[in-house]
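Input: a single structure, listed below in structure tokens.
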Amino acid sequence: MARIAIIGLGLIGGSLGLALKQSRLRDVELVGYSRSRKTREKARRAGAIDTIAPDPASAVRDAAIVIIATPILTIRQMMEEIAPALPQDCTVTDVGSTKADVMRWAEEILPQHVSFVGGHPMAGKEQTGIDAAEAGLFEGKTYCIVPSPTARETAVNSVVGLAGLVKAVPVYMDAEEHDSYVAAVSHLPLVVSTALFSLARDSLAWPEMSQLASSGFRDVTRLASGSPEMSHDICRTNRENLVHWLNRMAQELLKYRDLIQGGDDEELLKAFARIQLERDVFIARGAQRREERAAATEPGISITDLLVGDWAGRRAREMMKGLEQESRRKDKRNGDHGRKR
Ligand code: NAD
């Protein structure tokens, strides 16, 4: 029986526990620790973990894999607490929404006899805590894998295997690349959502206006209901990239203002029509990819397979084959498109 330790049993940590329990992973004990006793108890009752540890160090003792799923700025503190207790050849990973600082902390704090492989499942929702956790949260979603330069290959394969077990799709990248991309597609939407709500809420007409605010306003401001701690930690640890994209967003808004003010109605219609088409294609491709991923069934997997990484190697080869097929399909589509034009 091998041990996987999860530290932080909220939305992401709890969902990982539930998903791993529902996966075909055998011979494994899930040990969990979270700051609040109530959360720890709830996680065990919900079946997200088998055993509660009294503190982070006890959770990781004898663990083959450790998953840190606390708020980003707490990850550093967790690393400091678990470092002396980490066993030889242990694989440590995290789920933090930003990666450059986390990778630096791991290099600074974790002992050389363990491997750190950063992780970020691109899945979530605005509710937080163990009550919001669900086994299907990661299904079909991208799981960013950011190996440290000193991580053993088997450790990288183990984290790729974990991502596969929770039905996510692992994608390798480096920390800087990760942080710059998520700044645009994840962190900017968070700030835009918050800014829109605050703008409307601060209007003197809000009491009347709010009665008219319907699904469009709800959709665009959904992320403003997320955890303030998570938003704060994201802004603190991805400041430069976020500021870059906020400046670009301000310019983009001014572009639309000029278009609306300029009075060229044909140009205005064309701008909306082009973006509608491009977004529709993006949404349709995402749905198609999710269907393809859901259809690919996972084989049964033992903890030994996971730790040795053979299974992950097989999966990586399958993924490469899938990517090549997708790329051939894309080339064909582009060719067709070119001819039509
Ligand atoms: P959450 O608030 O639901 O869960 C965090 C958990 O960590 C809680 O159970 C809390 O008790 C615990 N915790 C906090 N401080 C602790 C400490 N000092 N010691 C031990 N436990 C502690 O938050 P979440 O949404 O699960 O986010 C966890 C991590 O996942 C964050 O790093 C976040 O950036 C990342 N993430 C979040 C999302 C999302 O959409 N929510 C998506 C992907 C990644």
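Every number for a ligand or one of its atoms is a count from 1 in the order of the listing.
Between His120 and His178, the ring-plane angle classifies as perpendicular under the 30° and 60° cut-offs. In this structure, Tyr143 and Phe138 have tilted ring planes: the angle between them lies in the 30° to 60° band.
By the 3.5 Å distance cut-off applied to N or O atoms, Pro121 is not counted among the residues near ligand 1. In terms of polar-atom proximity, Gly13 is not counted as a contact of ligand 1, lacking any N or O under 3.5 Å from an N or O of the ligand. No N or O atom of Thr39 sits closer than 3.5 Å to an N or O atom of ligand 1.
Residue Lys38 places its NZ atom among 12 or fewer non-hydrogen atoms of other residues, nucleotides or ligands, all under 6.0 Å distant. In Arg257, the CZ atom is crowded: over 12 heavy atoms of neighbouring residues, nucleotides or ligands sit closer than 6.0 Å. Other residues, nucleotides and ligands contribute over 12 non-hydrogen atoms within 6.0 Å of the OH atom of Tyr256. Residue Ile275 qualifies as enclosed at atom CD1: its count of foreign heavy atoms under 6.0 Å is above 12.
Closest protein heavy atom to atom 21 (N) of ligand 1: Arg35 N, 3.1 Å. If you check which protein heavy atom lies closest to atom 34 (O) of ligand 1, you get Ser97 OG, 2.6 Å. Closest to atom 44 (C) of ligand 1, if we only count protein heavy atoms, is Val95 O, 3.2 Å. Nearest non-hydrogen protein atom to atom 10 (C) of ligand 1 is Ser34 OG, 3.9 Å. Closest to atom 18 (N) of ligand 1 among all protein heavy atoms lies Thr74 CG2, 3.2 Å. The nearest protein atom to atom 28 (C) of ligand 1, hydrogens excluded, is given as Ala69 O, 3.4 Å; this is a heavy-atom distance. Here the heavy atom of the protein found nearest to atom 40 (O) of ligand 1 is Gly124 CA, 3.3 Å. Remark: minimum distance from atom 27 (O) of ligand 1 to any protein heavy atom is reached at Ile12 CG1, 4.1 Å.
Here atom 31 (C) of ligand 1 lies nearest to Thr70 when heavy atoms of Ile75, Val182, Thr70 are compared.
Contacts with ligand 1 closer than 4.0 Å are made by heavy atoms of both the backbone and the side chain of Pro71. Residue contacts with ligand 1 for Leu9 involve N, CA, C or O but no side-chain atom from C-beta outward (heavy atoms, distance under 4.0 Å). Contacts of Met122 with ligand 1, taken as heavy-atom pairs under 4.0 Å, are absent altogether. Under 4.0 Å from ligand 1, the heavy atoms of Ala123 that appear belong solely to its backbone. With a heavy-atom cut-off of 4.0 Å, Lys125 touches ligand 1 through its backbone alone.
Under the 4.5 Å side-chain heavy-atom criterion for grouping Ile, Leu, Val, Met, Phe, Trp and Tyr, Val192 is not connected to Tyr181 through any hydrophobic cluster.
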Solution key, residues 10-18 side-chain donor-acceptor pairs under 3.5 Å, sequence neighbours excluded:
unit_1, atom_1, unit_2, atom_2, d
Ser15, OG, Leu11, O, 2.5
Ser15, OG, Glu134, N, 3.0
Ser15, OG, Glu134, O, 3.4

Got a list of side-chain donor-acceptor pairs under 3.5 Å for residues 70-92, not counting sequence neighbours?
unit_1, atom_1, unit_2, atom_2, d
Arg76, NH2, Glu108, OE2, 2.7
Gln77, NE2, Glu81, OE2, 3.1

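Near His120, meaning under 4.0 Å from any of its heavy atoms, are these atoms of ligand 1: 43 (C), 44 (C). Within ligand 1, counting atoms from 1 as listed, the ones closer than 4.0 Å to a heavy atom of Tyr33 are 20 (C). Near Gly129, with a cut-off below 4.0 Å to any heavy atom, the atoms of ligand 1 are 1 (P), 3 (O). Counting atoms of ligand 1 from 1 in the listed order, those under 4.0 Å from a heavy atom of Gly96 are 32 (O).
Heavy-atom minimum distance, Lys141 versus Ala123: CG-CB, 3.9 Å.
Under the 4.0 Å criterion applied to side-chain N and carboxylate O atoms, Asp233 and Arg236 are not assigned as salt-bridge partners. Taking a cutoff of 4.0 Å between a charged side-chain nitrogen and a carboxylate oxygen, Arg104 and Glu107 do not qualify as a salt bridge. With respect to Asp94 and Lys99, a salt bridge is recorded, a charged nitrogen being found less than 4.0 Å from a carboxylate O.
By the 4.0 Å heavy-atom criterion, Ser227 is excluded from the residues contacting ligand 1. For the pair Met78 and ligand 1, a heavy-atom separation below 4.0 Å is found. Within the structure, ligand 1 lacks Ile7 among the residues with a heavy atom less than 4.0 angstrom away.
Between Thr93 atom OG1 and Ile68 atom CD1 the span is 8.5 Å, to the nearest 0.5 Å.
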